[in-house]
There are 2 protein chains.
Amino acid sequence: MSTNNKRNGGLRERKKAKTMANVQMHALRLFREIGYNATTVEQIAEAAEISPSTFFRYFSTKEDVMITDNYDPLLIASFEKQPPELSTLQAVRNAMLSGISELSADEIKTMRERNQLIMSVPELRAATLNNLTQTMQLLTEMIAKRTGHKSDDLAVRTFAGAVVGVNISVMFYCAENPEADFAKMLDEALAKLEEGLPL
Amino acid sequence: MSTNNKRNGGLRERKKAKTMANVQMHALRLFREIGYNATTVEQIAEAAEISPSTFFRYFSTKEDVMITDNYDPLLIASFEKQPPELSTLQAVRNAMLSGISELSADEIKTMRERNQLIMSVPELRAATLNNLTQTMQLLTEMIAKRTGHKSDDLAVRTFAGAVVGVNISVMFYCAENPEADFAKMLDEALAKLEEGLPL
DNA sequence: ATATATAGTGATAGTTTGTTCCATTTAAAT
DNA sequence: ATTTAAATGGAACAAACTATCACTATATAT
């Protein structure tokens with residue numbers, strides 16, 4: 001490698017990231033304007049000034065353009081920083097919330113719009129839920145490691161399942177109540193889980 | 001209406017039910033033999049001796065042929081029969097398990113095969129999880145009714161989310177451990193939830 | 001028993017998503 | 001500057017759906 005670009009900030013990488021974000025932006029706009037199903041990939045590609053084939057190089061399906069994000073690595077990183085004296089659930093709670101607290105007001109607004117769209121379109125909802133199973137498996141491994149259990153221990157699995165389930169219910173809640181603050185609701189819901197689901 | 005057929009046991013209804021079961025059977029077989037994605041709707045239709053258009057009259061998507069079931073009404077019926085002195089979670093637990101306990105050994109075997117296929121094919125998994133959100137909403141209403149809360153109460157939502165999440169984790173567990181008994185695992189997992197997720 | 005209405009079926013053609021292959025352009029490394 | 005590797009666009013394609021229409025089988029009424 002010569003003087004300037006090596007691995008990360010190379011021109012190619014930057015251009016790719018920019019193109020991807022651009023495509024996602026146009027997709028979100030079109031989905032809102034004319035509906036998810038009514039929007040064709042061709043239209044998205046045209047709006048983003050790329051070819052349909054290039055669209056599919058960035059996103060393997062039409063759904064992916066709304067689903068793709070990278071919270072999992074952040075979640076792991078944050079979880080591993082949690083002090084060992086916290087309960088497991090406290091650690092998970094802090095980890096999940098710290099990712100959100102770093103977002104700007106603008107990003108939060110986009111996230112809310114995205115969440116509403118996702119929860120109202122069956123295809124997107126299904127893809128997102130499917131994605132959450134990966135998060136669940138990650139959580140499982142993280143918890144197993146922290147507590148010294150095996151990752152195929154039913155107790156660990158159950159724990160991770162409950163946390164992800166609560167997360168899903170909060171996503172629904174916030175989609176129905178647009179004024180609700182996602183982070184706050186998630187915090188309250190996980191607190192209830194810790195209290196043993198009082199009713 | 002004349003002498004014989006009225007609403008339920010009419011020839012039409014029976015024929016439809018028979019056709020539907022037949023299509024599902026052939027679909028499951030083909031999916032196992034040559035894989036989900038490699039199997040076309042045309043092949044399923046041919047095997048079941050119907051036309052592709054008829055396939056889509058019975059199942060609105062290819063996924064549906066594996067997903068369609070009717071546990072929700074059974075779940076409701078069973079839940080409403082649970083005595084009021086039980087805790088809410090106990091009532092849910094009994095309701096979920098009673099549906100399974102009525103199955104024959106053969107049906108359980110088919111259910112296990114179906115579960116393994118579903119959990120291993122992303123499309124089917126996504127569709128199933130999406131379906132579970134309906135169950136979650138049903139659970140929410142059932143629990144709200146039983147406990148006298150509103151159905152948009154966060155505590156109720158959280159409860160339902162946790163139960164469904166645990167259900168999902170058990171589905172994964174059983175897909176990975178084919179020898180595991182689904183009913184038993186679900187029972188144990190819900191017990192752990194009731195104990196406050198000990199680790 | 002027969003006629004009429006209704007519901008299920010199959011055939012066809014069309015749209016859209018998503019894949020594959022190849023030629024062309026563009027960035028990176030020496 | 002030249003070579004090497006990656007990204008792109010275009011075109012042709014398979015399969016999942018959709019819509020429509022004519023045809024058949026079933027149910028209902030007289």
Side-chain angles (χ1 to χ4, degrees), chain A residues 1-24 26-27 30-31 34-68 121-124 126-127 130, chain B residues 1-24 26-27 30-31 34-68 121-124 126-127 130:
Chain A
M1 311 134 186
S2 66
T3 52
N4 44 0
N5 309 322
K6 44 192 344 176
R7 174 81 268 114
N8 196 339
L11 190 103
R12 267 186 189 162
E13 312 293 325
R14 271 177 291 146
K15 214 173 165 183
K16 266 167 70 172
K18 200 174 160 188
T19 302
M20 180 178 269
N22 193 245
V23 173
Q24 285 182 311
H26 282 290
L30 287 168
F31 290 164
I34 61 180
Y36 175 78
N37 285 307
T39 305
T40 68
V41 171
E42 209 173 358
Q43 288 174 297
I44 300 171
E46 193 179 357
E49 294 178 312
I50 56 169
S51 72
S53 26
T54 300
F55 176 95
F56 285 110
R57 263 190 214 93
Y58 280 93
F59 306 99
S60 59
T61 67
K62 180 178 164 186
E63 289 142 22
D64 260 26
V65 80
M66 288 301 297
I67 305 306
T68 299
V121 177
E123 288 91 335
L124 295 176
N130 192 37
Chain B
M1 313 136 183
S2 66
T3 51
N4 45 357
N5 310 320
K6 45 191 344 177
R7 177 77 267 116
N8 197 337
L11 182 64
R12 268 185 190 164
E13 311 296 323
R14 270 178 291 148
K15 218 173 164 184
K16 267 168 68 174
K18 198 174 161 189
T19 302
M20 179 178 269
N22 192 245
V23 173
Q24 285 182 311
H26 282 290
L30 286 168
F31 291 162
I34 62 181
Y36 175 77
N37 285 308
T39 305
T40 67
V41 170
E42 209 174 356
Q43 287 174 298
I44 300 171
E46 193 179 0
E49 294 180 313
I50 56 170
S51 73
S53 21
T54 299
F55 175 94
F56 284 110
R57 269 194 207 90
Y58 279 92
F59 306 99
S60 57
T61 67
K62 180 178 164 185
E63 289 144 18
D64 259 29
V65 79
M66 288 303 295
I67 305 305
T68 298
V121 177
E123 288 91 335
L124 295 176
N130 193 37

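Proteins get letters first, then strands, A, B, ... in listed order; numbering begins at 1 in each.
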Quiz item: Under the side-chain contact (heavy atoms from CB on, under 4.5 Å) criterion, do B:Q24 and B:M20 qualify, and how do the steps go?
Solution: CA-CA 6 Å; B:Q24 285 182 311; B:M20 179 178 269; 4.2 Å; yes
Exercise. Measure the OG1-CD1 distance between A:T61 and A:I67 for me, rounded to the nearest 0.5 Å.
Key: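 Result: 8.0 Å between the selected atoms.
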Quiz item: Rounded to the nearest 0.5 Å, how far apart are CG of B:L30 and OH of B:Y36?
Solution: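 Taking CG in B:L30 and OH in B:Y36, the distance rounds to 12.5 Å.
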Between atom [atom1] in [X] and atom [atom2] in [N], what is the gap in whole Å?
| X | N | atom1 | atom2 | value |
| --- | --- | --- | --- | --- |
| B:I44 | D:dA16 | CD1 | P | 8 Å |
| A:F55 | D:dT8 | CZ | P | 13 Å |
| A:E42 | D:dG10 | CD | C1' | 12 Å |
| A:F56 | D:dC13 | CZ | P | 18 Å |
| A:N37 | D:dA19 | CG | P | 12 Å |
| A:E46 | C:dT17 | CD | P | 13 Å |
| A:R14 | C:dT26 | CZ | C1' | 15 Å |

Quiz item: Under the 6.0 Å and 45° cation-pi test, does A:K62 pair with A:F55?
Solution: no
Self-check item: Where protein sits on nucleotides 4-10 of chain C, one letter per nucleotide: B base, S sugar-phosphate only, - none, heavy atoms under 4.0 Å
Solution: --BSSBB
Quiz item: With distance as the sole test, does B:T39 use its side chain to make a donor-acceptor pair with the main-chain N or O of B:G35 at under 3.5 Å?
Solution: yes
Quiz prompt | Verdict with supporting geometry, A:T19 and A:K16, side-chain contact (heavy atoms from CB on, under 4.5 Å) | solution = CA-CA 5 Å; A:T19 302; A:K16 266 167 70 172; 5.7 Å; no
